[in-house]
Amino acid sequence: MNKDININFFKPVGDFMKKDVAMKKKLLVIWFVAVYGFLFLLKLVADPGKTVELTLNTGEKITQVSGVSFLTETQFLGFPFHYWYSGQFLIALFIFLCYVYCKFIDKLESEYDK
């Protein structure tokens, strides 16, 4: 019984796979917004008046925005907020999203008796 099975993430077949892919897409959007949305927010709220001047080995001087904002100066659990968010919160969020997906797939499998 050689049956050719075609599984495609972008064209799910059946209710089980459609619900599974929809949940994966939602979780990926949450993860994308949490990671890149925060980076965009850091860039957006940076004070353009605070700059740093760097001198290269060639003698050329470069002036760039330092990126200082209330998000970088606020302390949370003893760390600068932006560092805590990137270094600890995003890892905890990832573990939580994995937990949510596991619970969802367990419920979905019991619903479809798989």
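Everything numeric in this text was worked out from a predicted model, so none of it was measured.
Although no hydrogens or angles enter the test, the distance criterion places no donor-acceptor pair under 3.5 Å between the side chain of T72 and the main chain of V68. Although no hydrogens or angles enter the test, the distance criterion places a donor-acceptor pair under 3.5 Å between the side chain of S110 and the main chain of K107.
To the nearest 0.5 Å, the span separating CG on L28 from CZ on F32 amounts to 10.5 Å. Interatomic distance, CZ of F96 versus OH of Y101, reported as 15.5 Å (0.5 Å rounding). Between the OH atom of Y85 and the CG atom of L42 there is a distance of 9.0 Å, given to the nearest 0.5 Å.
With hydrophobic clusters built from ILVMFWY side chains whose heavy atoms lie under 4.5 angstrom apart, L77 shares a cluster with L71. W84 is connected to F70 through a chain of hydrophobic side-chain contacts under 4.5 Å among Ile, Leu, Val, Met, Phe, Trp and Tyr, so both are in one cluster. Clustering ILVMFWY residues whenever any of their side-chain heavy atoms sit less than 4.5 angstrom apart, transitively, puts V45 in the very cluster that holds V35. Tracing side-chain contacts under 4.5 Å through hydrophobic residues (I, L, V, M, F, W, Y), one never reaches I30 starting from F40; they form parts of separate clusters.
Taking the side chain as every heavy atom from C-beta outward, F104 and L27 never approach each other to under 4.5 Å. The closest side-chain heavy-atom distance from Y36 to L39 is below 4.5 Å. Side-chain contact between P80 and Q75: present, with at least one pair of heavy atoms (C-beta onward) separated by less than 4.5 Å. Using a 4.5 Å cut-off on side-chain heavy atoms (C-beta onward), F10 and V21 make no contact. Counting heavy atoms from C-beta on, the side chains of F81 and E73 never come closer than 4.5 Å. Between L90 and W31 there is a side-chain heavy-atom pair separated by less than 4.5 Å. Q88 places a side-chain heavy atom less than 4.5 Å from the side chain of F79.
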F16 and E109: CA distance, side-chain angles, deciding distance, side chain to side chain contact (heavy atoms under 4.5 Å, CB included) verdict: CA-CA 8 Å; F16 180 88; E109 284 178 350; 4.0 Å; yes

Test side chain to side chain contact (heavy atoms under 4.5 Å, CB included) applied to D15 and Y112, step by step: CA-CA 9 Å; D15 288 339; Y112 285 92; 3.0 Å; yes

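One finds a salt bridge joining D20 and K24 here, because a Lys/Arg side-chain nitrogen approaches an Asp/Glu carboxylate oxygen to under 4.0 Å.
Contact between P12 and K18 at its shortest, heavy atoms only, is O-CE, 3.6 Å.
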Show me, pair by pair, the donor-acceptor contacts under 3.5 angstrom made by side chains of residues 49-62, not counting sequence neighbours?
none

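Residue-environment remark: CZ (F76) exceeds the threshold of 12 foreign heavy atoms within 6.0 Å.
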